[in-house]
Amino acid sequence: MFSQSLKHASSTPSLNLPTRQLGLSQRPFRSVSDFRKAKRDGRKISMLSVYDAVFARLAVEAGVNTLLVGDSVAMALYGFESTIHATVEMIASHVGAVRRACPGAFLVADLPFGSYRRGLKAAMKAVEAMARAGASAVKLEGVTGNEKIISHIIESGIPVMGHIGLTPQSVLALGGYKVQGGTEEEAARLIEDAKELEDLGAFSLVLECVSRSLGSRISSNLSIPVIGIGAGAEVDGQVLVASDLLGLSLGRSPRFVRRYLDGAALVSKAFEEFCRQVGEAQYPSEAESYD
Ligand code: KIV
């Protein structure tokens, strides 16, 4: 399927997929008002973290509402141990690839570690790079210490998505990838952080790795949508990293990941088959050769 699509990638951007009728909940979002409307109407929001043109196009054509180029790209594609290694250039380059494949999609770009903690000027430079590459909005982790920059980005005309709970860029301070908000004090702090993001003007937020009940409390306390990842079902939407749900990630997946495909097994079978057929001179055939 992919080889057929990629054959045409440079000349036409089509993936030759059959046209399907998409339901109301599967329409691509175009602007921040679609997020508000989805929450108001009680429609769950689907978001996928994708990094390349093919997966982005497949996600949009499947009806995923909104796309994210997450800093998880540093781990998923570049093999780093944490998202701390993502850079502005790395993410912007993937934003460009996704934007070229999906011109109308609502596309959120992560601001990587360090890019928004070195003053307003440095932060705005990162935001500009994402916007020029094609981002519709930026996402950044945490609230305390980021209030000014969040307001400044929003006042500059770029929508901001928050990210609280488990914030992977702070994995060293958090002491690992753990469920957050475990004590009543920590839970209250996250509820306050979420409210503050809403008050600052964020159009939505990602809530990562908290209990179901805390996810539900935070979502019901806000008028902006809460997109969960490991935050239970009673939030306003769900986000996953595409390569995780496709079973194409190296290493162990967290408990909240549902694998919709055993991608690693399928890919490895195809590679083995190619290798065997080349070895046995079964590939290429006459039809695959030029006269
Ligand atoms: O980096 C990423 O892909 C993310 C999502 C998992 C929310 O932040």
Side-chain angles (χ1 to χ4, degrees), residues 29 35 44-52 55-56 59 64-88 90-95 97-98 105-116 126 130 133 135-143 146 159-171 174 177-180 190 193-194 197 202-210 215 218-219 224-232 235-246 248-260:
F29 285 3
F35 287 79
K44 300 277 190 191
I45 298 167
S46 55
M47 177 159 96
L48 274 184
S49 193
V50 291
Y51 319 120
D52 68 89
F55 279 1
V64 172
N65 294 136
T66 181
L67 303 176
L68 165 70
V69 174
D71 57 0
S72 54
V73 67
M75 299 170 77
L77 281 200
Y78 291 84
F80 286 112
E81 268 196 355
S82 80
T83 60
I84 287 170
H85 299 273
T87 63
V88 171
M90 184 191 281
I91 297 182
S93 157
H94 289 277
V95 168
V98 169
F106 194 90
L107 170 56
V108 184
D110 251 339
L111 290 182
F113 175 73
S115 68
Y116 52 98
M130 297 309 168
S136 321
V138 294
K139 172 165 86 58
L140 55 86
E141 295 185 4
V143 185
N146 293 336
V160 170
M161 176 180 271
H163 185 155
I164 58 170
L166 174 60
T167 45
Q169 290 174 14
S170 315
V171 65
L174 296 174
Y177 298 95
K178 300 174 184 163
V179 179
Q180 302 296 304
L190 283 175
D193 282 354
L197 278 171
F203 70 95
S204 70
L205 62 92
V206 165
L207 179 62
E208 180 160 353
C209 237
V210 300
I218 291 178
S219 166
I224 58 170
V226 173
I227 304 181
I229 175 160
V235 287
D236 308 299
Q238 301 292 330
V239 54
L240 280 179
V241 172
S243 48
D244 284 345
L245 81 81
L246 295 172
L248 284 172
S249 318
L250 303 173
R252 265 186 60 222
S253 289
R255 164 181 174 155
F256 56 74
V257 169
R258 182 179 294 180
R259 271 227 233 142
Y260 288 82

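Note that the structure is predicted; figures quoted are calculated from it, not measured. Starting from 1, each residue takes its place in the sequence as its number. For ligands, and for the atoms within them, numbers begin at 1 and follow the listed sequence.
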Taking ring-ring contact (aromatic ring centres under 6.0 Å, His included) as the definition, give me every residue that meets it alongside Tyr177, ordered by chain and number, with sequence neighbours left out.
none
Looking at residues at least two apart in the chain, or sitting in another chain, which of them share a ring-ring contact (aromatic ring centres under 6.0 Å, His included) with Phe203?
Phe35, Phe106
Name each donor-acceptor pair under 3.5 Å that joins a side chain in residues 161-170 to protein atoms two or more places apart or in another chain, with its distance.
residue, atom, partner, partner atom, Å
His163, ND1, Lys139, NZ, 2.7
His163, NE2, Leu166, O, 3.3
His163, NE2, Glu208, OE1, 2.9
Thr167, OG1, Ser170, OG, 3.4
Gln169, OE1, Tyr116, OH, 2.8
Gln169, NE2, Asp71, OD2, 2.7
Gln169, NE2, Leu111, O, 3.1

In terms of ring plane angle, is the pair His85 and Phe80 parallel, tilted or perpendicular, where the classes change at 30° and 60°?
parallel
List of N/O pairs, ligand 1 versus protein, all under 3.5 Å?
residue, atom, partner, partner atom, Å
ligand 1, 1 (O), Asp71, N, 3.2
ligand 1, 1 (O), Asp71, OD1, 3.0
ligand 1, 1 (O), Ser72, N, 3.0
ligand 1, 1 (O), Ser72, OG, 3.2
ligand 1, 1 (O), Asp110, OD2, 3.2
ligand 1, 3 (O), Ser49, OG, 2.7
ligand 1, 3 (O), Ser72, OG, 2.6
ligand 1, 8 (O), Lys139, NZ, 2.9

Of the options Val98, Ile91, Val73, which is the one that meets Tyr51 in a side-chain contact (heavy atoms from CB on, under 4.5 Å)?
Val73
For the atom pair OG (Ser72) and CG (Asp244), what is the distance rounded to the nearest 0.5 Å?
7.5 Å
